[in-house]
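Side chains included, hydrogens not; waters and symmetry mates left out as well; all remaining heavy atoms used.
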Amino acid sequence: RFHRVRATHRVSVTSLSAIMLLLTLVCQWRPALLIGFFSADSEVVAVGAEYLRIISWNFVAVGITFTNSSMFQAMGHTVPALTVSATRLVTFVIPAVWLTTYPAFELRHLWWLSVATVAAQAVASWWMLRAEFRKRLVVVPV
């Protein structure tokens, strides 16, 4: 049922991406307000707001990755999702350790690294899911 699977994926990616985009906009617009629910300390709010401004660029990519991983699971083939997740960990951890050795290192460097590696993970999972669709889903005339 190729068309049903593709339609389900399309609706899931579209709706989740819209929700994640909305959350990204909130985090870009008023991050201090969100952090203020947890702390009144101005330094905590400042660091937390910067974190949300940076890390919120991940939200849509995370939604895509979660949806793609769920599709792999639904098709009974979880190895691609595991591979993409493991690759993301490696592409984050090795550069993160390397970055911490520099005197000019700041915590925000890790946050930007996370944005880059999550984006790469979303692209890789999308690419692998398309390949899986081509391999497993045969178009049957209706």
Check your understanding: Mind checking whether Val13 and Ile19 sit in one hydrophobic cluster, side chains of I, L, V, M, F, W, Y counted as touching below 4.5 Å?
Key -> yes
Exercise for review: Return yes when atom CH2 of Trp57 has more than 12 non-hydrogen atoms of other residues, nucleotides or ligands closer than 6.0 Å, and no otherwise.
Suggested key: no
**Study point:** CE-CG distance between Met20 and Leu25, expressed to the nearest 0.5 angstrom
**Key:** 12.5 Å
Review point. Are any side-chain N or O atoms of Thr14 and backbone N or O atoms of Val11, one a donor and one an acceptor, separated by less than 3.5 Å?
Key: no
Check your understanding: Does the side chain to side chain donor-acceptor pair (under 3.5 Å) test come out yes or no for Ser114 and Arg88, once each step is laid out?
Key -> CA-CA 9 Å; Ser114 176; Arg88 193 256 170 182; 3.0 Å; yes
Point to revise | In one Ile/Leu/Val/Met/Phe/Trp/Tyr side-chain cluster, 4.5 Å: Trp29, Val115 | key: no
Point to revise | Validation row: Trp126, Ile64 side chains within 4.5 angstrom (heavy atoms) | key: yes
Practice item. Measure across Leu113 and Ala96 and return the closest heavy-atom pair with its distance rounded to 0.1 Å. Key: CD2-N, 3.5 Å
Check your understanding: Hey, quick one: are Val118 and Val84 part of the same hydrophobic cluster, counting side-chain heavy atoms closer than 4.5 Å, chains of contacts allowed?
Key -> no
Point to revise | Arg130 side, atom CZ; Lys135 side, atom NZ - distance, nearest 0.5 Å | key: 15.5 Å
Exercise for review: Please determine, by modelled atom types, if Gln121 and Thr87 share a side-chain donor-acceptor pair under 3.5 angstrom.
Suggested key: no
Practice item. To the nearest 0.5 Å, tell me how far Leu52 CG sits from Ile35 CD1. Key: 4.0 Å
**Study point:** Side-chain heavy-atom pair Leu110, Phe105 within 4.5 angstrom cut-off
**Key:** yes
Point to revise | From SG (Cys27) to CG (Leu33), nearest 0.5 Å | key: 10.5 Å
Practice item. For side chain to side chain contact (heavy atoms under 4.5 Å, CB included), just list the numbers for Thr65 and Asn68, CA-CA rounded to whole Å, side-chain angles, deciding distance to a tenth of an Å, and then say yes or no. Key: CA-CA 5 Å; Thr65 301; Asn68 292 345; 5.8 Å; no
Review point. How far apart are the C-alpha atoms of Ser17 and Phe59, what are their side-chain angles, what is the distance that settles it, and do they pass the side chain to side chain contact (heavy atoms under 4.5 Å, CB included) test?
Key: CA-CA 8 Å; Ser17 292; Phe59 291 175; over 6 Å; no
Exercise for review: For residues Leu82 and Thr78, determine if any side-chain heavy atom of one lies less than 4.5 Å from a side-chain heavy atom of the other.
Suggested key: no
Check your understanding: Which heavy-atom pair separates Arg53 from Ser56 by the least distance, and what is that distance?
Key -> O-OG, 3.3 Å
Practice item. To the nearest 0.5 Å, tell me how far Ser70 OG sits from Phe72 CZ. Key: 11.0 Å
Review point. Taking C-beta and beyond as the side chain, do Val5 and Met71 meet within less than 4.5 Å on heavy atoms?
Key: yes
Study note, to complete from the structure: Looking only at heavy atoms, the pair that brings Val45 and Ala32 closest together is CG1-CB, 3.7 Å
Review point. Does Gln28 CD have over 12 foreign heavy atoms under 6.0 Å away?
Key: yes
Point to revise | Stepwise side chain to side chain contact (heavy atoms under 4.5 Å, CB included) test for Tyr51 and Leu107 | key: CA-CA 9 Å; Tyr51 171 77; Leu107 195 51; over 6 Å; no
Exercise for review: Please check if atom CZ in Phe92 has more than 12 non-hydrogen atoms from other residues, nucleotides or ligands closer than 6.0 Å.
Suggested key: yes
Check your understanding: What about Leu89 and Ile94, same hydrophobic cluster or not, with Ile/Leu/Val/Met/Phe/Trp/Tyr joined at side-chain heavy-atom distances under 4.5 Å?
Key -> no
Study note, to complete from the structure: Tightest non-hydrogen contact, residues Ala104 and His109, listed as O-CE1, 3.3 Å
Point to revise | Atom CH2 of Trp112 with >12 non-hydrogen neighbours under 6.0 angstrom | key: yes
Practice item. For the residue pair Ser15 and Arg10, confirm or rule out a side-chain donor-acceptor distance under 3.5 Å. Key: no
Check your understanding: Is the His9-Phe133 ring centre distance short of 6.0 angstrom?
Key -> yes
Review point. Should Trp111 and Val26 be counted in the same cluster of Ile, Leu, Val, Met, Phe, Trp and Tyr side chains packed under 4.5 Å apart?
Key: yes
**Study point:** Heavy-atom pair with the smallest gap, counting every atom of Ala61 and Ala119
**Key:** CB-CA, 4.2 Å
